[in-house]
Asks: 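Got a structure here, written out as structure tokens. Questions coming.
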There are 2 protein chains.
Amino acid sequence: MTSSEAIEGRSPGLRERKKAKTRAAIQQAAMRLFRERGYDGATVEDIAEAAEVSPSTFFRYFPTKEDVVLRDDYDELLLEVFLAQPPDLTPLQAARAALHSIGGVADALSPEERELERLRMAMTFTVPEVRARWINELVRAFRTLAEGVAARAGRPADDVRVRTFVGAVIGVMLVAMEPLVEDPTREWTEFLPAIDEALGYLEQGLPL
Amino acid sequence: MTSSEAIEGRSPGLRERKKAKTRAAIQQAAMRLFRERGYDGATVEDIAEAAEVSPSTFFRYFPTKEDVVLRDDYDELLLEVFLAQPPDLTPLQAARAALHSIGGVADALSPEERELERLRMAMTFTVPEVRARWINELVRAFRTLAEGVAARAGRPADDVRVRTFVGAVIGVMLVAMEPLVEDPTREWTEFLPAIDEALGYLEQGLPL
DNA sequence: CTTCCATCCGATAGTAACTATCATGGAAGT
DNA sequence: ACTTCCATGATAGTTACTATCGGATGGAAG
């Protein structure tokens, strides 16, 4: 609205930069403490102290303690790649193709980033509170994926067939990744072949 | 181990009866308060007071506040009915048949029971904390259903195809019931036809 | 460079969901 | 009747989170 916002896109100003910095400081301090002492072993107060901010500030940046862990960009990325697939593929084929490309993206990460992602994923699946909150991300993913599929299929997003498709795909991906709960040391990319296989069975009408 | 446990099955003794009574008292008091003031409007202290027990006792019977709402016998019932279907049906056909029978069971409830179930379901889907914890029930349902399907198909429960089947079915049921979030006044039995239709699409290999 | 405003931050106080512990009184076995 | 067991209540404490308020600071206008 004001003239300052009109020039948005240019160097974000000192205030914005500071905010990004504190946000990153909080997240990094939190993940470090989680790795050292576990999720329950690090209180919000500990994290705030390690990041050199007040507990109030922690909650200004992250509405809950779980949100520090749950910030995930992969859903969005996966959707993007899915939408970019050639339009002559069926939705299931497009999903499988998108999975393959995203595996390549994950392989290109640095070792530290990989380890961080692994820790995030492990906590998402094993820490009860985090896993509980994670369902919100799932719902979000479901909605966006439904829109993508609908656009591809030329149907409305609330079409029964579109919703069924998305529900089945997400359900299948979930159970394919479930072994992560039992062995959190593994990386999620190891499960891409399993997901692919499962999607194949879906395509065949669930043979048993 | 002791002689008292050997005669189990006979009248449970005064102690057991009292326990069942307090448990019911807590649950009923809680649901009444939830209906009157909403989930957040009734604290555990309020519930304990209404049930004439101490807050300590509340947590002895229900490990969390959410558990008062989440106790659900339908999963178990659905599984039972599913297993009782004639063995010549395919798993998907058996699932659809089980759904039909369970609709009849729900219709036979008294109006108060129906209203209570409706309230439980509405809170399960709309109160964020409850919905979050609900994922644990889902995991449990997934595991038991997988065993049932495995037994039917003559395959191990950790077979990829069995797991895929179960994941798809549960995912489809979830999205079919999702409109409950937007309109919690509706009963879940209204969605049985929608679930049935969705399972049909699954059987056809997800046509789009 | 000053003034003024929006907003970011820290401090404080408070709430609510749990947890741990211990003494007590009543139920169950002998 | 006696003792063992165990459900209960009381108390104190921890932790995640909320509300509020005064002070510091960045940023735009004069």
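The chains referred to below are lettered A, B, ... by the order of the sequence lines, with proteins before strands, and numbering in each begins at 1.
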Asks: State which of dC18(C), dG27(D), dA28(C) makes the closest approach to the side chain of Glu66(B).
Replies: dC18(C)
Asks: Can you pull out the residues from residues 20-53 of chain B that lie within a 4.0 Å heavy-atom distance of DNA chain D?
Replies: Thr22(B), Val53(B)
Asks: What donor-acceptor contacts under 3.5 angstrom involve side-chain atoms of residues 188-195 of chain B, with partners at least two apart or in another chain?
Replies:
from: Glu190(B); atom 1: OE1; to: Arg186(B); atom 2: NE; distance (Å): 3.2
from: Glu190(B); atom 1: OE2; to: Glu187(B); atom 2: N; distance (Å): 2.9

Asks: Give the table of side-chain donor-acceptor pairs shorter than 3.5 Å for residues 137-148 of chain B, with sequence neighbours excluded, one pair per line with atom names and distance.
Replies:
from: Glu137(B); atom 1: OE1; to: Arg140(B); atom 2: NH2; distance (Å): 3.1
from: Arg143(B); atom 1: NE; to: Glu178(A); atom 2: OE2; distance (Å): 3.4
from: Arg143(B); atom 1: NH2; to: Glu178(A); atom 2: OE2; distance (Å): 2.7
from: Thr144(B); atom 1: OG1; to: Arg140(B); atom 2: O; distance (Å): 3.2
from: Thr144(B); atom 1: OG1; to: Ala141(B); atom 2: O; distance (Å): 3.0

Asks: So what's dT3(D) paired with, Watson-Crick or G-U wobble, going by both distances under 3.5 Å?
Replies: dA28(C)
Asks: Only counting residues at least two apart or in another chain, list the ones meeting ring-ring contact (aromatic ring centres under 6.0 Å, His included) with Phe82(A).
Replies: none
Asks: Which residues in residues 56-65 of chain A have at least one heavy atom lying under 4.0 Å from any atom of DNA chain C?
Replies: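 Result for residues 56-65 of chain A: Ser56(A), Thr57(A), Arg60(A), Tyr61(A), sorted by number.
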Asks: Excluding sequence neighbours, so at least two apart, what forms salt bridge (charged side-chain N to carboxylate O under 4.0 Å, His left out) with Asp40(A)?
Replies: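 Partners of Asp40(A) under the salt bridge (charged side-chain N to carboxylate O under 4.0 Å, His left out) test: none.
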Asks: Does atom CD of Gln93(B) have more than 12 heavy-atom neighbours from other groups under 6.0 Å away?
Replies: yes
Asks: State which residues pass side chain to side chain contact (heavy atoms under 4.5 Å, CB included) with Glu115(A); sequence neighbours excluded, sorted by chain then number.
Replies: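 By the side chain to side chain contact (heavy atoms under 4.5 Å, CB included) rule, Glu115(A) matches Arg118(A).
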Asks: Among all residues two or more places apart in sequence or in another chain, which pass the side chain to side chain contact (heavy atoms under 4.5 Å, CB included) test with Val160(B)?
Replies: Glu197(A), Tyr201(A), Thr164(B)
Asks: Quick one: are Val127(B) and Phe34(B) in side-chain contact, heavy atoms under 4.5 Å?
Replies: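 Side chain of Val127(B) against side chain of Phe34(B), heavy atoms only: no contact under 4.5 Å found.
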Asks: Arg60(A): what forms a salt bridge (charged side-chain N to carboxylate O under 4.0 Å, His left out) with it, not counting sequence neighbours?
Replies: none
Asks: Do any of residues 131-140 of chain B sit with a heavy atom less than 4.0 Å from DNA chain D, and if so which?
Replies: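 Within this stretch, nothing sits under 4.0 Å of the strand.
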Asks: By salt bridge (charged side-chain N to carboxylate O under 4.0 Å, His left out), which residues pair with Arg96(A), not counting sequence neighbours?
Replies: Asp196(A), Glu203(A)
Asks: Could you check how far CG of Leu14(A) sits from P of dG26(D), rounded to whole Å?
Replies: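 In whole Å, dG26(D) P and Leu14(A) CG are 6 Å from each other.
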Asks: Within a 6.0 Å radius of atom CZ on Arg37(A), are there more than 12 heavy atoms belonging to other residues, nucleotides or ligands?
Replies: yes
Asks: Just the table, please: protein N/O against nucleotides 1-3 of chain C N/O, every pair under 3.5 Å.
Replies:
none

Asks: Would you say a side-chain N or O of Lys18(A) is under 4.0 Å from OP1 or OP2 of dC8(C)?
Replies: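 For Lys18(A), the contact criterion (side-chain N or O under 4.0 Å from OP1 or OP2 of dC8(C)) is not met.
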Asks: Can you establish whether the number of heavy atoms outside Glu117(A) located under 6.0 Å from its atom CD is more than 12?
Replies: yes
Asks: Is it true that a side-chain atom of Gln85(A) and a backbone atom of Val81(A) form a donor plus acceptor pair closer than 3.5 Å?
Replies: yes
Asks: Which whole-number value in Å describes the distance from Glu16(B) CD to dC5(D) C1'?
Replies: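 That distance rounds to 13 Å.
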Asks: Just how far, in rounded Å, is C1' of dC8(C) from CZ of Arg17(A)?
Replies: 16 Å
